[in-house]
Amino acid sequence: MKRYIRHAAAFCALLLIALLVNATRVQVFQADSLDADEANRRNAIVRFEQPRGDILVDGRPVTGSRDTGEQLRYERTYRNGPLYAPVTGFASQVYGTTLLENAEDDILSGTDPMLAPLPLWNDITRAQNPGGRVETTIRAAVQQAAYAGLGGKRGAVAALEPSTGKILALVSTPSYDPERLSGTDRAVADTWAELNGSATKPMLNRAIRQTYPPGSTFKVVTAAAALDSGEVTDPDAPTKSPSPYTLPGTSTQLTNEVDGCTNASLRYAFRWSCNTVFAKLGVDTGLAPMVGTARDFGFNDGGLEIPSSVAASNFDTSMDRAQLGLSAIGQYDTRATPLQMAMVSAAVANGGSVKAPHLVDRTTTEDGDVVDATGTKSLRQAMNPGTAAQLREMMTQVVDEGTGTNAAIPGVTVGGKTGTAQHGIDNSGTPYAWFISWAQADDDPEPSVAVAVVVEDAAADRGDISGGGSAAPIAKAVMEAAIGAH
Amino acid sequence: MAGTSAGAAPPAVPAARVPRRRGTELTLLVVAVLLSVYGYCAVGLAKNGTVPPGAAGYGAGLGVLALVAHLAVRLRAPYADPLLLPIAVLLNGLGLVLIYRLDLETPHDEAAPAQLIWSTVGVGLFIAAVLFLRDHRVLQRYAYLSVVTALVLMIVPIFFPAVNGARIWIRIGGFSIQPGEFAKILLAVFFASYLAANRNALAYTGRTLWRFKRLQLPTGRVLGPIVAIWLLSVGVLVLERDLGTSLLFFGLFVILLYVATGRIGWIAVGLLLAALGAFAVGSLEPHVHSRVEDWLHPFASIDAGRGPNQLAQSLFAFAAGGMLGTGLGAGHSILIGFAAKSDFILATAGEELGLSGLCAIFLLYALLVERGFRAGLALRDAFGRLLAIGLASILALQVFVIAGGVMGLIPLTGMAMPFLAQGGSSVVTNWIIVALLIRVSDSARGQPVPAEAA
């Protein structure tokens, strides 16, 4: 009988060994995939178990946290939610995160290993770091001025510091309050449905995620290409351009909103925004130089992150001459985000050098120890410094005595360019009003701000006056705020 | 304080060479109680940042229970295996910690106080059994009373409403008990007694079934009662839809039959019957069928958009524990839902203590089982041997069936993790099992002279 008892004991041992092997299988080999399963609530619970770190504007938090005591415990709150929504995005229990809340999620939620006091510290202690802080480059006064300037209109503003690439304002209207998406209750789902169903797309960040035909503001790029390529050597020399101008290979005639464009000089054409001159200039400069310059300004770059990803602005790389002519005045397939056009303006203001635009100045731990700081980084040289100087002068003249006089600020050097972009089938839509500009206070060594404004529903007559009428005053308010806050 | 006997050794025993090791037992008991109190404090610290107010009371209560049980063993079973009681106390204490820990997540449904009362009842019965059952062979006389009582206990719940698909509960007033739990011991007593009496007939007589005498079928007179009782018990269990207990009884029956007769053919027949039965019930009975489906496809409900089912939640919990666990009180196994404190208690252990803690728990069970088998080996009487092996096997099979179920190794069947899980009937039953093991191990280690079977 003893033998059989030993057999039975061996059988029982086998059962326990099977359990141990199976425990190892589940807890070691399958653990990663089980942990990562989307139906596993643990990730969400851990995520909302502690207050999320704050996003700061001018050193003051624009976010907060509310302890609900529920399973997904801490809900995000926002101060001035609609104002900063295009910067912060939302952090929702149900719908995830967007924009900075998304791009800096590791810091804000405390999972970034850099927040730990020592390497591997958290792996050993299993402690969770308190959420870190994200200090933005946004200036509250500039943001406020842009938001107030757009008022109830649909549109966007991007403002940059040309020498560093710091984003001083990023506004998109109409906006929404991201706090309404915090939490798990019924109202959150209703808000989500309402925001997504709205025709005005309040959750769309028009400043970085929407591209518009840039219209005449693109003439800055065309002028830079023409000057850099040597197509134009003297801005004051008359160009051999007819008005109206027949696009090459077609019977389509391009006209102007203003007089005096026939054989006008580059300077005159820039100041009064002659379509005929710039279309011909684009065609004469040629596709390759035009594409090259556009790319150097940042067009056709789908990888730009501020750290939220920015929609690629487009300048076609293969076109016939007629299409190139239209593209040279910011029509045809040419499309740009407001941020991209602010970069164009900033490049002119900054001697041709394009600095990487960025929204985060630095990230810190809860206690203020710096985790990471964003330095100034040059993206590309968009044009020669000499060309930039010439364009600065021309942009200044637009504001002094051209289409952009609405942006003039006493005691401040302001350069600008208006634009009106036609769109829709047969250009039937209300044109988008554009204004891009930069400003330099007289006692400043260099321009302190570059701005791009686009207003979608500009209720104004067609023509470049629209950009000067609807968008320029907003840009002016933004530049004043930036110089005041500088 | 080790060694000195209170003069309670039976006078029939000559000066034994076997060390009694009661001091070892006491030391281990202190360790077991301290570990439990430590766990209790760790939960409070993790959840609220303070030592829970009940820690002193909990420690004192558990300590007193352990001490009284130890004194009873010292008095009446001085040669008993010194590991059995400390392991039972540690597992019971750890179970209370885990249940208390889960109670913190469900403030309106506290289970730990009731579990503490049931544990006290269990220890009380343990003490009574150790004090008053002087010789395990007495039980042999009550074999048929045992089996009748077992059958009555198993049949009674049929007349009560089903709970979560199984008719295994009796609810009287605020209490609910699971009579099938007690039936385990009674059936083990009956099987041990019957097989001890008839093992020769089962092993060596009867007609040859196969030509080369591999399997002989005993005569109907010998086999009849045992098959009848087995069929009856299994039939009742199918009616009650309690597949786990059914599996347990079947495994117990086959193991004891094999140990008693040494015929490998019994194992073959047993496995064949088990496979056929499992297949038939698995495909025909909807409640069991869904369990099998869940086992094969634990994440099907997620894919179907209904969210994770209990088994998937349990697997998530084990995975979250990983190697070292999240720490007591720091896991989220409450997500498992209503059975988190009972059937799925092991998932909390797996999440918060990790694979390392789980290994420790499995080894504790393994030690308990091994000590049972060791007592069985050392005993001279066939009944005692079979009883010890039966009781140890009950523990091993229970652990395998429920742990394998909640970890996706085998289909899930409702069963309680011995000592750990919430459940009064279960904790009381397991304390009685340990009491009987103490009794047989005392006989095995304290009686060097061969004793005649009664």
Side-chain angles (χ1 to χ4, degrees), chain A residues 1-50 67 69-73 94 111 120-130 184, chain B residues 199 255-256 258-262 264 267 299 301-302 307-308 312-313 315-327 330-332 335 350-351 354-355 358-359 362-363 365-366 369-370 372-374 376-377 382 385-386 388-389 392-393 395-397 399-401 403-404 407-410:
Chain A
M1 200 167 174
K2 285 196 172 187
R3 225 180 109 218
Y4 311 137
I5 293 177
R6 291 208 168 88
H7 290 168
F11 171 70
C12 287
L14 209 62
L15 293 184
L16 286 160
I17 289 167
L19 288 179
L20 283 175
V21 170
N22 189 54
T24 311
R25 177 182 70 104
V26 175
Q27 299 201 272
V28 178
F29 294 104
Q30 292 183 347
D32 287 346
S33 68
L34 288 169
D35 284 343
D37 196 301
E38 281 187 18
N40 194 341
R41 290 267 282 176
R42 279 172 186 72
N43 295 329
I45 291 172
V46 171
R47 176 182 184 78
F48 295 104
E49 192 161 71
Q50 64 177 12
D67 184 355
E70 293 165 9
Q71 196 179 50
L72 303 182
R73 190 165 162 187
V94 186
T111 56
L120 297 178
W121 178 260
N122 298 86
D123 295 320
I124 297 161
T125 61
R126 277 187 174 261
Q128 205 185 350
N129 297 313
T184 52
Chain B
R199 66 194 200 92
I255 287 176
L256 288 184
Y258 172 74
V259 170
T261 65
I264 200 83
I267 306 285
F299 304 110
S301 65
I302 298 172
Q313 289 285 18
L315 291 173
F316 288 158
F318 281 108
M323 291 289 285
L324 298 176
T326 58
H332 300 287
L335 290 171
E351 176 164 10
L355 180 59
L358 217 49
C359 283
F362 285 148
L363 287 179
Y365 284 119
V369 173
E370 187 256 352
F373 272 92
R374 176 163 296 201
L377 275 172
R385 281 184 166 178
L386 290 171
I389 275 93
S393 302
L395 288 173
L397 288 170
V399 169
F400 177 75
V401 167
M407 300 184 84
L409 181 62
I410 57 170

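Sequence lines set the chain letters: A, B, ... in the order given, protein chains first and strands last, and positions in each chain run from 1.
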Heavy-atom contact with chain B under 4.5 Å, split by part of [X]:
| X | result |
| --- | --- |
| A:Ile45 | side chain |
| A:Thr24 | both |
| A:Leu15 | both |
| A:Phe29 | neither |
| A:Arg3 | neither |
| A:Glu38 | neither |
| A:Val28 | side chain |
| A:Ala13 | neither |

Can you list the residues that meet the side chain to side chain donor-acceptor pair (under 3.5 Å) rule with B:Glu370, with sequence neighbours excluded? B:Arg374
Sequence neighbours excluded, the answer for side chain to side chain donor-acceptor pair (under 3.5 Å) partners of A:Arg73 is A:Asp67
Does A:Asp37 use its side chain to pair, donor to acceptor, with the backbone of B:Phe316 at less than 3.5 Å? no
Under 4.5 Å from any heavy atom of chain A, what part of [X] do you find: side chain, backbone, both or neither?
| X | answer |
| --- | --- |
| B:Ile389 | side chain |
| B:Leu315 | both |
| B:Leu377 | both |
| B:Val369 | side chain |
| B:Leu335 | side chain |
| B:Ala388 | neither |

Taking the side chain as every heavy atom from C-beta outward, state whether A:Asn40 and B:Pro308 have any pair of such atoms under 4.5 Å apart. no
With the side chain counted from C-beta on, respond yes when A:Ile5 and B:Phe373 share a heavy-atom pair under 4.5 Å apart, and no when they do not. yes
Enclosure of B:Phe299 CZ (heavy-atom neighbours >12, cutoff 6.0 Å): yes
